[in-house]
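A note on names: the letters A, B, ... follow the listed sequences, proteins ahead of strands, and every chain is numbered from 1. Note that the structure is a prediction, hence the values are computed from the model and not measured.
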Amino acid sequence: MKSVFHTEGITKVYDTGEVQVFALRGVDLDIYAGEMTVLLGASGSGKSTLLNILGGLDRATEGRAYFKELELTAMKERKLTVYRRDHVGFVFQFYNLVPSLTARENVALVTEISPNPMRPEEALAMVGLEKRIDHFPAELSGGEQQRVAIARAIAKRPEVLLCDEPTGALDSKTGVKVLEALTRINQELGTSTVVITHNAAIQNMAHRVIFFADGRITDVKVNDTRLLPHEIEW
Amino acid sequence: MQAFNKKLVRDFWRLWAQSLAIALVLACGVMILVIAIGVERSLTETQSAFYERNRFADIFASATRAPNNLKREIEQISGVSVVETRITQFAILGLEGITEPAVARLVSLPPSGEPLLNVPNLTAGRMPTPEATKEVVVNETFALANDFQPGDSFYATLNGQKQLLTITGTALSPEFIYLIGPGAMMPDDQRFGVIWMGYDPLASAFDLGGAFNDVSLRLTRDANPQIVQDELEKLLVPYGGTSPYGRDLQSSHMFLDSELTQLRAMGKSIPPLFFVISAFLVNMVLGRLISLEREQIGLFKAVGYSDLAISWHYVKLAIGIGLFGVILGWAIGVSAGYALATYYTVFFHFPYLIYVNSPDTYAISGLAGIAAAVIGAMRSVLKTTKLSPAVAMSPPAPTRFKQNIFDKLGHMLGARQPVMMIIRSITRWPMRASLTALGISMSVATMIASLFMFDSVDVLMESAFFQSNRQQVTLSLAQPQSRAVLADVENLSGVLRAEGMRTVAAKLSNGHLSRLVGVEGRDPGMDLSRVLDARNSKIVFPEQGVVISDRLANHLDAVIGDELEMEVLQGQRGTYRVAVTGIIQKYFGIGAYMDLDFLSALLQQQPLVNAVNVSIDATRIEELYSDVKSAPNIGGIVRWDQIRQGFSDTIAESSSVTTTIYSLIASLIVVGVVYNSARILLSERARELASLRILGFTRSEVSFILMGELIFLTIVAIPIGFMIGYALAGLIVSSFSSDMFTLPLHVSRGTYGYAGIVAFTASTASALLVSRRVNRLDLVAVMKTRE
Ligand SMILES: Nc1ncnc2c1ncn2[C@@H]1O[C@H](COP(=O)(O)OP(=O)(O)OP(=O)(O)O)[C@@H](O)[C@H]1O
Ligand SMILES: [Mg+2]
């Protein structure tokens, strides 16, 4: 299988004056095309740090990270911006929608600047929000807002979708809807998807689960059978 | 409380750039207040000290020839405490080094040698001895301009007799604090001076033995000036007296007083503008700070701090900003004030300057500045008291947006989402957007309201110097003469054309309203000096009646067709009735005009002229000067080319300084407004903008959202500023206009353009400064927190 992400000895050190915090201590990892990966681990184990480096939001202190042939760790800020614009979709715990734009416009924000996007309506339909197209974020529930954020992330047909605790702020029923949207996109568009979660139940819907502790990968598990989102309970 | 104060210091430190931007605007207001009050008081104080110590007279009058024993009768008028009678005349001087003739006002000293009133203040040398006939004291500025020392001599033509006079000293007088030659528009220290000399030599030169032609008096404390003036006039009329006048019409006092009035007006009108803008900025910045600190405020309340303690905390922050501005304003004000006060002594000649630097100036301006900051803080501070601890602890409800008409417009035009964000931000907070725009408009208006002066003066100069007065030289005749004198003048060297006119001092009345004016009699053929209408074409005066300036028409409440009473105050006095046959606009002075033949017929005289306008062959000007210096019947000379040059030079000089100062002040306003607006927009949108960066928007695309709003507001604000500026200019023109001159209201395209460009540049620069912070947005941190 072809890998979309490949890392070699990624280390991240936060220098906070007196103490040095080691967020990552040498991570070697491959994420394969089309797969859905779940990152599991205790709070502070370095999951978000890794995801941010892969997404071009943050820089490693040492080591190399590649997106296909692109060496992310060698790129300047300007190149990273273009990389994010063209290849990556992000979904965060706190949605981060623009409050002054409607659902459709939030999605259009991205489709307007990408080379090969879908129509905003199409993206919103994929997450089941075709009826709430002209609503502002303040008029949507948390789950709906998160689904708009997903529609916004996938509308440009990114190769990778990086999700940091996408269900963290949601109850289980709405959480399931969000996970359904992610699974559907992974299947229909073949988008490689990385999901960070604290919720061990969610690991059952992944192709592969990567366990994190103290800045290192401690274990990798391949699921032979995957559960559908509505079969997951928490 | 300790912790609270630490927070205060940190808040202040964190807000330093925004505080500075506000403090600079506030400092402008404080500075102008300090300067205006300080300079005005200093000049007033110096003026009254000089008037008192050197016994400046209260009432002035002149006559043709009044016997010296009339003085005793004048002293009998009740209310008169001191009377001084003198001879005053004009003389043409031949000075080495300058070819063109200078003119001097001659003032006699009493036989005792010591004047009782209007006492010259010797600045060098000594007074002439009473028996010396060729010794004189000259005014200091004239001596300085011509490099004269006590002991130097020069020639003067007194009533046709050339005399060599020797300077024994130099002096300054309360009568000539502002010294301007007859017919001149600018002081010219080199070519116009005052000469004090003994009574006897003057009386014999001008055939005034045993007589005087000028009287000044000081009143007792309880005197009624009007009654004294009326009594004095009655005594002087048989001797060709003119109407007595008080200090308010004395030329030097009038100029100084109008300057002081302007300073007072400036102190009252300009600083409040800055205080209002500062208050608005404090309101904006504190409002944002408090909404960011809702949760902290809730916490403070929950742990038991009182509303008062919390309010006081934020008020202290405002006071801090206010104090910052006030101290800055004081610091600049105190040095600039002294500099400006000394600058005034270039035009106003005092022997000394009493610089008043009283504490209350600082108290007033300081209180005003701090009050502005505190008032600005009030709205937001009151909001903190309304927050209940529980509400304050939960995050504010998300801002609700609604689709509106502007959105439809945006969609129709296919606007991209960043543009939609700008549109929604403006329409969601229209009040804030309008206030920001208004701040920018006010800065544009400030520039226009100050810089339009140069445009107006241009129009004035073009009209007064190039269209109306095309003669190079005006000669005034010692006595009115028949038109035959024009042929004599044309025979002087270099003269190409000579045109005569007649000026008669008269009192024009309509019912109980009256004014003293010079009535000009003009020939229809006059082409050098012309009176123009609004469209710059020459007015030919009707064969009958009087044409008056619009200002005079207002004073007299007269319209075309009204009949005025004209009381001639010179020579053969008499009272006549004339109809108003026209009303014209006039920039300099209030005037009245008649056809020369009509005027002569009215006065039952042969047509006479007492001023001759001359066009000359410029290459032969020196010859003309030497002819004029020895011509007995020419009493004065006005050189228009020099007036033009002097005027342009003065304007050009003050133009660059004024333009720089006002551009700086206006830029400070723009920076204060735009910088703070941008910081607040950035603070409110940091999260949103960081999300866009994560989505792959470049730095400049993100900056556009921030700057786009402000630049859009700037572009809207500039034309509004043009309109406000034009309206302010109109107010200024009407408040400036006096009987001395009327300023035309004219704002050139260049001024509009300049003000627009300065405001736009300052605005863009401040927005850019803030948008550099977009680069420093921490993308990772933003994602971790809930708003
Ligand atoms: N800006 C920072 N400065 C200093 N230390 C930091 C910073 N950001 C993260 N860290 C530290 O790096 C480590 C890894 O953080 P990271 O956010 O990657 O953890 P995480 O696995 O995502 O945790 P969680 O599940 O709670 O989100 C933590 O110990 C954290 O304290
Ligand atoms: Mg995390």
Does [atom1] in [X] sit with more than 12 non-hydrogen atoms of other residues, nucleotides or ligands closer than 6.0 Å?
| X | atom1 | answer |
| --- | --- | --- |
| A:Lys177 | NZ | no |
| A:Glu62 | CD | no |
| A:Arg64 | CZ | no |
| A:Tyr66 | OH | yes |

Side-chain polar contacts of residues 412-425 of chain B - donor-acceptor pairs under 3.5 angstrom, sequence neighbours left out - could you list them?
{"from": "B:Arg416", "atom 1": "NH1", "to": "A:Glu112", "atom 2": "O", "distance (Å)": "3.4"}
{"from": "B:Arg416", "atom 1": "NH2", "to": "A:Glu112", "atom 2": "O", "distance (Å)": "3.1"}
{"from": "B:Gln417", "atom 1": "NE2", "to": "A:Glu112", "atom 2": "OE2", "distance (Å)": "3.0"}
{"from": "B:Arg424", "atom 1": "NE", "to": "B:Asp407", "atom 2": "OD1", "distance (Å)": "3.3"}
{"from": "B:Arg424", "atom 1": "NE", "to": "B:Asp407", "atom 2": "OD2", "distance (Å)": "3.0"}
{"from": "B:Arg424", "atom 1": "NH1", "to": "A:Ser100", "atom 2": "O", "distance (Å)": "2.7"}
{"from": "B:Arg424", "atom 1": "NH1", "to": "A:Glu105", "atom 2": "OE1", "distance (Å)": "2.6"}
{"from": "B:Arg424", "atom 1": "NH2", "to": "A:Glu105", "atom 2": "OE1", "distance (Å)": "3.2"}
{"from": "B:Arg424", "atom 1": "NH2", "to": "A:Glu105", "atom 2": "OE2", "distance (Å)": "3.0"}
{"from": "B:Arg424", "atom 1": "NH2", "to": "B:Asp407", "atom 2": "OD2", "distance (Å)": "3.3"}
{"from": "B:Ser425", "atom 1": "OG", "to": "B:Arg685", "atom 2": "NH2", "distance (Å)": "2.8"}
{"from": "B:Ser425", "atom 1": "OG", "to": "B:Glu709", "atom 2": "OE1", "distance (Å)": "2.8"}
{"from": "B:Ser425", "atom 1": "OG", "to": "B:Glu709", "atom 2": "OE2", "distance (Å)": "3.1"}

- Return the minimal non-hydrogen interatomic distance between A:Arg85 and B:Phe697, and the atom names on each side.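 That closest heavy-atom pairing would be NH2-CA, 4.1 Å.
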- Nearest-0.5 Å distance, CG of residue B:Leu692 to CG of residue A:Leu109: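 Atom-to-atom, B:Leu692:CG and A:Leu109:CG are 5.0 Å apart.
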- Message: Determine whether a donor-acceptor pair (N or O, by modelled atom type, separation under 3.5 Å) exists between the side chain of A:Arg84 and the backbone of B:Arg693.
- Response: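 Judged by distance alone, yes, a pair lies under 3.5 Å.
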Checking [X] against chain B: side chain, backbone, both or neither under 4.5 Å from a heavy atom?
| X | answer |
| --- | --- |
| A:Arg78 | neither |
| A:Glu77 | side chain |
| A:Asp164 | neither |
| A:Thr102 | both |

- Pairs of heavy atoms under 4.5 Å with chain B: top-ranked of A:Val110, A:Asn106, A:Leu101: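 Answer, by heavy-atom pair count under 4.5 Å with chain B: A:Leu101.
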- Message: So B:Leu695 and A:Ile113, do their side chains get closer than 4.5 Å, heavy atoms only?
- Response: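 Side-chain contact under 4.5 Å: no.
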